[in-house]
Amino acid sequence: MILVTGATGTIGSALLRELVRQGESVRAAVHIRPLDVDGVETCSIDYDRPGTLPPALEGVDTLFLLSQEVAHEEPMVEAAKEAGVKRVVYISSFKADTDTFIVGQLHREIEQRIQDSGMAWTFLRPNYLMQNFVTLMGDDIRNEDAFYDSIGDARVSRIDARDVSQVAVRVLTRPGHDYRAYDLSGPEVISHHQAADALSDALGRRIRYLELDDDSFRRRLMSQGVPEDFAGFIEDVNRRNRNGETHDDTLTDHVRNILGREPTPFPRFCRDYAPLLGGH
Ligand SMILES: NC(=O)c1ccc[n+]([C@@H]2O[C@H](COP(=O)([O-])OP(=O)(O)OC[C@H]3O[C@@H](n4cnc5c(N)ncnc54)[C@H](OP(=O)(O)O)[C@@H]3O)[C@@H](O)[C@H]2O)c1
């Protein structure tokens, strides 16, 4: 049985739906939000309450592990090892093994704990999710026809979370992926100005990218309820990306190699998500 954590989130919900469709034996770990996938066994967990973890892991041989807060993942790794879980597929972050910024280092610490646990592992390390334009920036796009960031005009790759979910399904259900780490990117590097043009085309109205300095951007995120450490992380990433203008080193082949097709390009993502951003 596969236990899917983060089952109500961006990556986990699409993953869960596909595993259920394929008839896999799966259990969904639910935290606060209700599950929107039918026909699946559920359990309730809270990483902050370690006592909720062992019952969720009963009879589980494979753990799909994800959380928005990296610190949350440590008790789950310990509980999985105790419960005799054989394999962990873990959502980490892009190039976590060499990242000098805090979020990569935190993800790397969890990767190391999983490696030290003796369980088999696969690490999926996505780049910046395209869905951030809906989750983090959606209100501004809907209400102001604009989005704010401090990344300047740097060109970096993004990835559609649906591709991450599909890669995870393959890795969970097909052999040959144990003890491998995959850095996952979309098909091209694009700037936020190019992203604004693609959003404008898809939504049928002009969407602007408004550049902020680091401090203003961090304060804006925090005023919108983003925790200080996460806002600081985004600021860190933006500072790094601004250091060069085009980042071809953010492109990888793993989505193509694993799925046998090209990763989703940004304009396609914009068209698919247009209804959620006030388009048609
Ligand atoms: N966003 C990016 O650009 C990006 C890029 C690279 C890597 N990542 C990594 O991807 C992961 C986030 O994936 P996502 O966007 O799919 O996440 P998400 O949509 O924010 O979903 C987070 C999931 O974790 C659950 N959760 C939160 N707190 C919990 C707790 N205390 N106990 C149990 N479950 C809890 C949530 O359930 P409730 O909603 O019910 O609380 C939800 O199902 C993070 O590890 C992040 O570092 C993100």
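Counting from 1, the numbers follow the sequence of the chain as shown. Ligands are counted one by one from 1 in listed order, and the atoms in each one are counted from 1 as well.
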- request: Just need the protein heavy atom nearest to atom 19 (O) of ligand 1, so name the residue and atom and give the distance.
  value: T10 N, 2.8 Å

field: Reported CE-to-CD1 distance for the pair M76 and I114, which is rounded to 0.5 angstrom
entry: 11.0 Å

query: Around Q112, counting heavy atoms of other residues, nucleotides and ligands shown, do more than 12 lie under 6.0 Å from its CD?
result: yes

Heavy atom of N127, distance to ligand 1 below 4.0 Å: yes

- prompt: Which ligand 1 atoms does Y128 reach within 4.0 Å, using its non-hydrogen atoms?
  reply: 3 (O)

query: Near L129, which atoms of ligand 1 are under 4.0 Å from a heavy atom of that residue?
result: 1 (N), 2 (C), 3 (O), 4 (C), 15 (O)

- prompt: With a cut-off of 4.0 Å, which atoms of ligand 1 are near a heavy atom of D46?
  reply: 30 (C), 31 (N), 32 (N)

Heavy-atom nearest neighbour of atom 11 (C) of ligand 1 within options P75, S67, S93: S67

message: Between R113 and D116, is the salt bridge (Lys or Arg N to Asp or Glu O under 4.0 Å) condition met? List the steps.
response: CA-CA 5 Å; R113 279 186 183 271; D116 292 345; over 6 Å; no

Side-chain heavy-atom pair I45, L53 within 4.5 angstrom cut-off: yes

- request: Rounded to the nearest 0.5 Å, what's the gap from OG1 on T264 to CZ on R158? Could you check?
  value: 15.0 Å

query: Does the salt bridge (Lys or Arg N to Asp or Glu O under 4.0 Å) test come out yes or no for D213 and R219, once each step is laid out?
result: CA-CA 10 Å; D213 61 53; R219 278 190 279 112; 5.6 Å; no

query: Which atoms of ligand 1 have any heavy atom of N132 under 4.0 Å away?
result: 1 (N), 2 (C), 3 (O)

- request: Return yes or no for this condition: an N or O of L66 is under 3.5 Å from an N or O of ligand 1.
  value: no

statement: atom 32 (N) of ligand 1: closest protein heavy atom, distance to 0.1 Å, is Y47 N, 3.0 Å

query: Counting each atom of ligand 1 from 1 as listed, which ones have a heavy atom of A7 under 4.0 Å away?
result: 43 (O)

- request: Answer yes or no: does atom CZ of R208 have more than 12 heavy-atom neighbours from other residues, nucleotides or ligands under 6.0 Å?
  value: no

- prompt: Applying a 4.0 Å heavy-atom criterion (strictly less than), which segment of S92 is in contact with ligand 1: side chain, backbone, both, or neither?
  reply: backbone

- prompt: With a cut-off of 6.0 Å (strictly less than), are more than 12 heavy atoms of other residues, nucleotides or ligands near CG of D215?
  reply: yes

- prompt: atom 37 (O) of ligand 1: which protein heavy atom is closest, and how many Å away?
  reply: T8 OG1, 3.3 Å

message: The test is salt bridge (Lys or Arg N to Asp or Glu O under 4.0 Å); show your working for R87 and D178 and say whether it passes.
response: CA-CA 8 Å; R87 191 159 73 106; D178 283 356; 3.5 Å; yes

statement: Counting heavy atoms under 4.0 Å, the part of H72 that contacts ligand 1 is side chain

task: Would you mind listing which atoms of ligand 1 come within a distance below 4.0 Å of any non-hydrogen atom of I32?
output: 38 (P), 40 (O)

task: Give the residue and atom name of whichever protein heavy atom lies nearest to atom 10 (O) of ligand 1, and the separation in Å to one decimal.
output: I91 CG2, 3.6 Å

- prompt: What are the atoms of ligand 1, with element, lying closer than 4.0 Å to any heavy atom of H107?
  reply: 45 (O), 47 (O)

- prompt: Taking heavy atoms and a distance under 4.0 Å, where does A29 meet ligand 1: side chain, backbone, both or neither?
  reply: neither

- request: Considering only non-hydrogen protein atoms, determine which one is nearest to atom 21 (O) of ligand 1 and report residue, atom name and distance to 0.1 Å.
  value: G9 CA, 3.4 Å

task: Would you indicate whether R17, at its atom CZ, is surrounded by more than 12 heavy atoms from other residues, nucleotides or ligands within a distance under 6.0 Å?
output: yes

- request: Could you walk me through whether H177 and Y182 pass ring-ring contact (aromatic ring centres under 6.0 Å, His included), step by step?
  value: CA-CA 9 Å; H177 299 291; Y182 300 116; 5.7 Å; yes

task: Take atom CZ of R49 as the centre, draw a 6.0 Å sphere, and report whether it contains more than 12 heavy atoms from other residues, nucleotides or ligands.
output: no

message: When you compare the side chains of T252 and D183, does any donor N or O come within less than 3.5 Å of an acceptor on the partner?
response: no

- request: Measure from the ring center of H192 to the ring center of F147 and say whether it is less than 6.0 Å.
  value: yes

query: Which protein heavy atom lies closest to atom 34 (N) of ligand 1, and at what distance to 0.1 Å?
result: H31 CB, 3.4 Å

field: Polar contact flag for P126 and ligand 1 (N/O pairs, less than 3.5 Å)
entry: no

task: Identify the protein heavy atom lying closest to atom 18 (P) of ligand 1, giving its residue, its atom name and the separation to 0.1 Å.
output: Q68 NE2, 3.7 Å

message: Using a 4.0 Å cut-off to any heavy atom of I11, which atoms of ligand 1 qualify?
response: 13 (O), 16 (O)

Atom 25 (C) of ligand 1: the protein heavy-atom neighbour that sits closest, reported with distance to 0.1 Å: G6 CA, 4.2 Å

